2 protein chains.
Amino acid sequence: MAQAIPLRKHSPLKASCHQCSLSNLCLPLAIEENDLDRLEDIVQQGRIFNRGEHIFDQSTPFRSCFAVKSGSIKTSIITEGGEEQVTGFFMPGELVGLDSMGSKTYARTAKALERTSVCEFPVDKLEELTGKLPELQHHMYHMMSQEIQNSHQLAMLLSKNTAEERIAALLLSLSSRFQRRRLSPTNFSLPMARNDIANFLGLAVETVSRVFTRFQNQGLIRARGREVELLDVEALQAVTREFSRQGC
Amino acid sequence: MAQAIPLRKHSPLKASCHQCSLSNLCLPLAIEENDLDRLEDIVQQGRIFNRGEHIFDQSTPFRSCFAVKSGSIKTSIITEGGEEQVTGFFMPGELVGLDSMGSKTYARTAKALERTSVCEFPVDKLEELTGKLPELQHHMYHMMSQEIQNSHQLAMLLSKNTAEERIAALLLSLSSRFQRRRLSPTNFSLPMARNDIANFLGLAVETVSRVFTRFQNQGLIRARGREVELLDVEALQAVTREFSRQGC
DNA sequence: CGTCCAACTTGATTCATATCAAAGCCGTAT
DNA sequence: ATACGGCTTTGATATGAATCAAGTTGGACG
C-alpha cells in the first residue's frame with residue numbers, strides 16, 4: 001500500500017508528518033494542519049535501528065524524544081548492581097523519552113526489540129515550539145501526565161495483582177495497542193521475549209511460562225513462542241478485573 | 001524566626017512567593033526574581049483543609065494544581081470495586097495534580113492527612129504562563145518527568161523488593177524530604193496511618209506492623225505510634241540497596 | 001544436515017507474605 | 001471515670017510465586 005508522494009518544499013530527508021499513517025497517534029494529532037509544517041521543520045528523519053541497537057543510553061546527555069514509526073522499543077534502567085529493570089515497551093505511534101523531559105540526561109536506556117524506525121524530536125527545538133503553540137504544549141502535558149498515570153497503574157498492578165492478572169493485563173494492553181493501529185487485536189506476535197515480560201511484570205520467567213500454558217489449557221489464548229492468539233478476550237478481561245489499562 | 005514583612009503592591013489575599021520559605025522547593029525556583037510577580041498574579045492563596053477533607057476528587061473537572069504549604073496530602077484512586085489505592089504522599093513544597101495536566105478531569109483524589117494549607121495554581125493560567133516563560137515551562141517538564149521516574153521507581157520497588165526494603169525506602173524518602181525542609185531527618189512523625197503505608201507499598205497492614213517491630217528490635221529505628229526516630233540510617237540504606245529514592 | 005546455544009517449558013521444593021483470628025492500645029465522647 | 005471504636009500489634013496457618021534443577025524446542029550457522 002504505497003503512498004503517493006506529493007510535492008513538498010522540504011528536503012527529502014525530512015520526515016513528512018502530513019503523510020504519516022501514525023499522525024493520529026503521535027504528536028501531530030495535537031495541532032492544526034497549518035502548524036504541522038513547523039513540527040515537520042524540527043523533526044529529524046530518524047535512523048533505522050537493528051534489533052538490539054540502542055536508541056539512547058541512560059545517563060548520556062538528553063537530546064531528543066523519539067516517536068516509534070515501525071518496530072518496537074524496550075526501555076530499561078540498569079541498577080547499580082548491574083541488573084536490568086525493564087520499564088516499558090513502546091509501539092508505533094508512541095513517544096519514547098518523555099520521562100527525561102526537562103532533565104540533563106536520559107533516565108533510561110532504549111533498545112530496539114526488532115528492526116525499528118523512529119522520528120527524532122530534538123528537545124531544545126521541541127521546547128521552543130511548545131512555547132509557541134499552546135495546543136502542542138497542552139498535548140505534551142497531556143502525554144506526560146498520561147505516562148505518570150500509566151506508571152502508577154503499573155505500580156498498582158505490580159503491588160496488588162497475581163501473576164495471572166498481570167499477564168492478562170499485558171496481553172490486553174498489547175491487544176488494544178495493536179487495535180489502535182488497525183491491526184488484529186487478537187492475533188499478533190509479541191515483540192519481546194518471555195524474559196522481558198517477566199522482568200517488566202516483576203515475575204520469574206518460569207512463572208510467565210507457566211501462566212501462558214495455564215491460559216492455553218483454559219482456552220483463553222493460543223501461544224506458540226511469540227505468536228499469540230487471544231481466544232477469549234472477555235475471560236481475559238475478567239481475569240484482570242478492574243485493570244483496563246490503555247498502555248504499559 | 002519571623003520574617004520581616006516587606007511592602008508589597010499585591011493584595012494581602014494573594015500569596016507571596018517572594019517571602020515563602022518553600023520557594024526553593026516549589027515552582028518559584030524555576031524563575032527569575034522579576035518574573036516571580038507574574039507567578040504570584042496567578043497563584044491563589046489557598047484554603048486551609050482539615051484532616052480528612054478533600055482538596056479535589058477523582059473524575060471532577062481539572063482546574064488547578066496545588067502546592068502544599070504546610071501539612072500533608074495523600075492521593076489515591078478508587079477502583080471500580082470501591083477499593084482505595086494510595087498513589088502518593090505530598091509534603092510541603094511539593095506539587096499535587098501534575099498527573100492530571102492536560103486532562104479534563106482529575107486522575108486522583110487528594111485528601112488532607114492533617115490540617116493542611118495549599119497554594120492553588122489554576123491550570124489555564126498556568127499553561128498560559130508557561131507558554132510565556134520558557135524556564136517555567138522547562139521546569140514543569142522537569143517536574144512531570146521526575147514524577148514519571150518516581151512512579152517507575154515505585155513500580156520497581158513494588159515488583160522486586162521485599163517488605164523490609166519497601167518500608168526502609170519509604171522511611172528514607174520521608175527522611176530526606178524532611179531534611180530538604182531543614183527539619184530533623186531522623187526524628188519525625190509520620191503523617192499517615194499504617195494502613196496507608198501498607199496500601200501504598202502493596203503490603204498487608206500486619207506486615208507493615210511486623211517490619212516496624214523487627215526494625216525496632218534490630219535497633220534501626222524507634223517507633224511509638226506515628227513518632228519515628230531513625231537510629232541507624234546507614235543500616236536502613238543498606239536494607240534498601242540500590243533504592244535511593246528522592247520522592248514517593 | 002547436524003551441532004550449538006539461547007529461549008522456553010516443566011517439575012519439586014522453599015519462603016515470604018497474605019490471611020485469619022484475637023488481643024492490646026489510645027483517644028474521644030458519654 | 002468508663003466504655004466504645006478505630007488503629008495497631010502479635011500469633012498461627014495457608015498459599016502464590018521464587019528458586020533450584022532438569023529437560024525441550026527452535027533458530028543460526030558451520
Side-chain angles (χ1 to χ4, degrees), chain A residues 50-52 74 81 83-86 111 113-115 156-171 189-218 221-228 239-241, chain B residues 50-52 74 83-86 111 113-115 156-171 189-218 220-228 239-241:
Chain A
N50 284 317
R51 172 182 228 265
K74 139 182 127 177
E83 288 161 26
E84 180 181 32
Q85 165 66 41
V86 177
K111 197 178 198 175
L113 284 169
E114 55 195 309
R115 204 173 157 76
M156 242 163 106
L157 191 72
L158 296 177
S159 75
K160 298 247 187 308
N161 291 81
T162 65
E164 297 199 348
E165 289 163 341
R166 298 183 208 184
I167 290 172
L170 177 64
L171 289 173
S189 118
L190 301 170
M192 73 295 277
R194 296 281 188 279
N195 223 329
D196 291 327
I197 295 179
N199 188 312
F200 177 64
L201 294 179
L203 298 169
V205 203
E206 295 94 324
T207 305
V208 174
S209 189
R210 277 186 250 273
V211 171
F212 267 81
T213 45
R214 215 177 305 156
F215 279 172
Q216 182 144 271
N217 293 339
Q218 294 168 343
I221 66 171
R222 217 155 52 80
R224 284 195 64 74
R226 294 190 176 189
E227 294 304 318
V228 173
V239 171
T240 65
R241 289 187 306 216
Chain B
N50 285 317
R51 170 182 230 263
K74 142 183 126 178
E83 288 160 27
E84 180 181 32
Q85 165 66 42
V86 176
K111 198 178 196 174
L113 285 168
E114 55 195 308
R115 205 172 156 76
M156 243 163 104
L157 191 73
L158 296 177
S159 75
K160 297 246 187 308
N161 291 81
T162 65
E164 297 199 349
E165 289 163 341
R166 298 183 207 182
I167 289 172
L170 177 64
L171 289 174
S189 120
L190 300 170
M192 73 295 276
R194 297 280 187 279
N195 223 329
D196 291 328
I197 296 178
N199 188 312
F200 178 64
L201 294 177
L203 299 169
V205 203
E206 294 94 324
T207 305
V208 174
S209 189
R210 277 186 249 273
V211 171
F212 267 81
T213 46
R214 215 177 303 156
F215 279 172
Q216 183 143 271
N217 293 339
Q218 293 167 345
L220 303 190
I221 67 172
R222 216 156 53 79
R224 282 196 63 73
R226 295 191 176 187
E227 293 305 316
V228 173
V239 171
T240 65
R241 288 189 306 218

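Each chain gets a letter, A, B and so on, in the order the sequences are listed, and its residues count up from 1. Because the structure is a prediction, the values reported are computed rather than measured.
Over its length, the helix from C:dC1-D:dG30 to C:dT30-D:dA1 turns its helix axis by 30°, as judged from the five terminal pairs at each end, rounded to 10°.
For the pair B:Asn161 CG and D:dA17 C1', the interatomic distance rounds to 16 Å; values are reported in whole Å. As a whole-Å value, the separation of B:Ile197 CD1 from D:dC7 P is 13 Å. The nearest whole Å value for the distance from the CZ atom in A:Arg194 to the C1' atom in D:dA17 is 18 Å. Distance NZ (A:Lys160) to P (D:dA17): 15 Å, rounded to an integer number of Å. Per the geometry, CG belonging to B:Leu190 stands 10 Å off P belonging to D:dT8, to the nearest Å. To the nearest angstrom, C1' of D:dG16 lies 10 Å from CZ of A:Arg166.
Heavy-atom minimum distance, A:Thr240 versus A:Ala169: CG2-N, 3.2 Å. Here the shortest heavy-atom pairing between B:Glu227 and B:Ser189 reads OE2-CB, 3.0 Å. Residues B:Glu165 and B:Lys160 approach most closely at OE1-O, 4.4 Å, considering heavy atoms.
Within the nucleic acid shown, B:Ala204 comes within 4.0 Å of at least one base atom, counting heavy atoms only.
Applying the side chain to side chain donor-acceptor pair (under 3.5 Å) rule to B:Arg222 yields the partners B:Glu229; only residues at least two apart in sequence or on another chain are considered. Here B:Arg115 pairs with B:Asn50 under the side chain to side chain donor-acceptor pair (under 3.5 Å) rule; sequence neighbours left out.
A distance of 8.5 Å separates CD1 of B:Ile167 from CD1 of B:Ile221, quoted to the nearest 0.5 Å.
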Review item, side-chain donor-acceptor pairs of residues 191-205 of chain B, under 3.5 Å, at least two apart:
unit_1	atom_1	unit_2	atom_2	d
B:Arg194	NH1	B:Gly225	O	3.3
B:Arg194	NH2	B:Gly225	O	2.7
B:Asp196	OD1	B:Lys74	NZ	3.0
B:Asn199	OD1	B:Val86	N	2.9
B:Asn199	ND2	B:Glu84	O	2.8

Tabulate below the donor-acceptor pairs under 3.5 Å that side-chain atoms of residues 206-217 of chain B make, not counting sequence neighbours, or state none.
unit_1	atom_1	unit_2	atom_2	d
B:Thr213	OG1	B:Ser209	O	3.2
B:Thr213	OG1	B:Arg210	O	2.7
B:Arg214	NH1	B:Glu164	OE2	2.6
B:Gln216	OE1	B:Ala223	N	2.6
B:Asn217	ND2	B:Thr213	O	3.3

Heteroatom pairs (N/O) under 3.5 angstrom, protein to nucleotides 10-12 of chain D:
unit_1	atom_1	unit_2	atom_2	d
D:dT10	OP2	B:Thr213	OG1	3.3
D:dG11	N7	B:Arg210	NH1	2.9
D:dG11	O6	B:Arg210	NH2	3.4
D:dA12	N6	B:Arg210	NH2	3.4

Heteroatom pairs (N/O) under 3.5 angstrom, protein to nucleotides 23-29 of chain D:
unit_1	atom_1	unit_2	atom_2	d
D:dG26	OP1	A:Arg224	NH2	2.7

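The outermost nucleotides of DNA chain C lying under 4.0 Å from heavy atoms of chain B, listed 5' to 3', are C:dT17 to C:dC26.
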